[in-house]
Each structure stands twice: as structure tokens, then as C-alpha cells.
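Report on the structure given below.
Every number for a ligand or one of its atoms is a count from 1 in the order of the listing.
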Amino acid sequence: MHIDIITIHPPLLESPFSHSILKRAATKNLVSVNVIDLRPYGIEPHRKTDDYAFGGGAGMIMMIEPIANCINELKEKRSYDEIIFMTPDGETLTQKTCNHLSTLKNIMVLCGHYKGIDERLREHFITKEISIGDYVLSGGELPAAVMCDAIIRLIPGVLNDETSALSDSFQDNLLSPPVYTRPADYNGWKVPDILLSGHQKKIDEWRHEQALERTKIRRPDLL
Ligand code: ADE
């Protein structure tokens, strides 16, 4: 999979892709992430990328030309399955959407800022608008990193134990059951006996029950 991310703040995206699982995914050539600085596409003499809103109102709007030029240049090199705009008024990101996006070959992600982007960009270039939740962040960079993390870890081969992505919370609309590791007894706080029994079938049943119980209590809307 190849991901191009357009931003006016490339450093905000450096760290998430240079560590841990996302770094390993890139090292194994399972994904390539290219962060594109929008600034060089800005309007001279100051490489401006934003301007006042027609009709007035507080806040600057990201201009059409720099973004259109950047997107068109990228489109000359690749054909994109989706051009995604990160925005609080997009569809809320779910595991289902991540599963789908993880199967695509090329995606482009546009990070917004200020009061938004010129609506014509949304009409003519953007194929999907995604929000990571009902709260407003200062820009689309952190949402883009969150979305890419959720997608990349699903690409086969990225996680060592492939089944571990399948048993994630939400994959079957259930939250994950509680998990434990050594020691089996910490100052009298004991691990449930069943997990030490070696009885795999019973352990699986117990985990399923726990997952159901936890979902009923914490997220009944998922059931
Ligand atoms: N940009 C600002 N807030 C956002 C959010 N919640 N989701 C996606 N992009 C955003």
C-alpha cells in the first residue's frame, strides 16, 4: 500500500511513522508513506496557502490553487483508490472503514487547517471525508496519523501474529476480554483460575463471555 499525506506541517507526522509497528511495516516494504509539504505549492511571494473567507467571518480558509496543484501533480504519478480529507464533519472512522481502507493500493490524505478548505476542493477532488470523533483538533495531521495507524496494522504481515489484529476490540463488534500476564499472584491479586487451567476450549468460552459482558456494560450500542 502507498499513502501520500498532504500537510502544511510535515514535522507533525514524522514521529508516528518512525517508530514501532508503522516503522516495521515500512521496513518490510508492506507500506510506503510519503509526507508532502504543501508550502512549496503556496502562492508567491510568501507561498501563501490560506486566505480570508468570501462573505467574511473569522478564520482563514485553505486556498484551492496550492492544494489542487499538489493533488494534480500526485495524480500524474499514481491513480488513487481514495482521496481522503480529514475533517470533523466527515463520517466517523470505524473499524469497518479501516478494514476496507487496508485493502486499497494507493490512498491520498489531505490534512486541513484553519476554518477549513475551499469547498470546491471537496466537490472536485475529495472522494471520502473522515472524522476521528466528535471533537475538533487544530488540524488534520493527528487524525491522519490515527487513521493510518489503524489501517496499516491491518495489512497482512505487519503484525507478527496475524491473529492478533483479528481478535482486536471491534473486529466482531465486541470489546476485548480482560488479559493477564505473570505473576499469577501479585500481592494476593490473582489471575482467574480458568486462564491457568490449560483447558483451551473453556478458556475461549470464558473469554467470549467476558467480552460479551464487557460490551453489554460499556458499549451496549455495539450489540
Ligand atoms: N480535523 C480537526 N478535527 C478533526 C477530527 N475530529 N477528525 C478529523 N479531522 C479533524
Worksheet entry | Electrostatic pair Arg122-Asp89, nearest N-O below 4.0 angstrom | yes
Discussion item. So that I can tick it off, tell me whether Arg120 and Asp118 are bridged by a salt bridge, with the cut-off set at under 4.0 angstrom between side-chain N and carboxylate O.
Written reply: yes
Fill in: Shortest protein contact, atom 9 (N) of ligand 1 (heavy atom only)
Thr87 N, 3.2 Å
Discussion item. Is the contact between Asp134 and ligand 1 made by the side chain, the backbone, both, or neither, using heavy atoms and a 4.0 Å cut-off?
Written reply: neither
Discussion item. Given 3.5 Å as the limit, does a donor-acceptor pair link the side chain of Arg39 with the main chain of Arg47, or not?
Written reply: yes
Practice prompt. Would you mind listing which atoms of ligand 1 come within a distance below 4.0 Å of any non-hydrogen atom of Gly139?
Written response: 1 (N), 2 (C)
Practice prompt. To the nearest 0.5 angstrom, please state how far the CG atom of Asn34 sits from the CG atom of Leu13.
Written response: 11.5 Å
Worksheet item: How about Ile152 and Val33: do any of their side-chain heavy atoms sit closer than 4.5 Å?
Response: yes
Worksheet item: Counting from 1, what ligand 1 atoms have a heavy atom of Gly133 closer than 4.0 Å?
Response: 6 (N)
Worksheet item: Can an N or O of Ser138 be found at a distance shorter than 3.5 Å from an N or O of ligand 1?
Response: no
Worksheet, complete the sentence: Nearest non-hydrogen protein atom to atom 4 (C) of ligand 1, with distance, is Pro88 CD, 3.6 Å
Worksheet item: Given the rule in the side chain to side chain contact (heavy atoms under 4.5 Å, CB included) test, do Ile36 and Met108 qualify, once you have shown the distances and angles that lead to the verdict?
Response: CA-CA 10 Å; Ile36 297 120; Met108 192 192 299; over 6 Å; no
Response to the item:
Taking only non-hydrogen atoms of Ile130 and a 4.0 Å limit, the atoms of ligand 1 in range are 8 (C)
Item to complete: Begin with the C-alpha distance, continue with both residues' side-chain angles, and end with the deciding distance and a verdict on side chain to side chain contact (heavy atoms under 4.5 Å, CB included) for Asp4 and Tyr80.
Response: CA-CA 10 Å; Asp4 281 319; Tyr80 291 88; 2.5 Å; yes
Worksheet item: Of the protein's non-hydrogen atoms, which lies at the shortest distance from atom 7 (N) of ligand 1, and what is that distance?
Response: Ile132 N, 3.0 Å
Worksheet entry | Identity and distance of the protein heavy atom lying nearest atom 3 (N) of ligand 1 | Leu137 N, 3.0 Å
Fill in: atom 6 (N) of ligand 1 [closest protein heavy-atom partner, distance rounded to 0.1 Å]
Tyr135 O, 2.8 Å
Worksheet item: Between Asp204 and Gln200, do the side chains contain an N or O donor and an N or O acceptor separated by less than 3.5 Å?
Response: yes
Discussion item. For ligand 1 and Pro143, I'd like to know whether there is a polar contact (N/O to N/O, distance under 3.5 Å).
Written reply: no
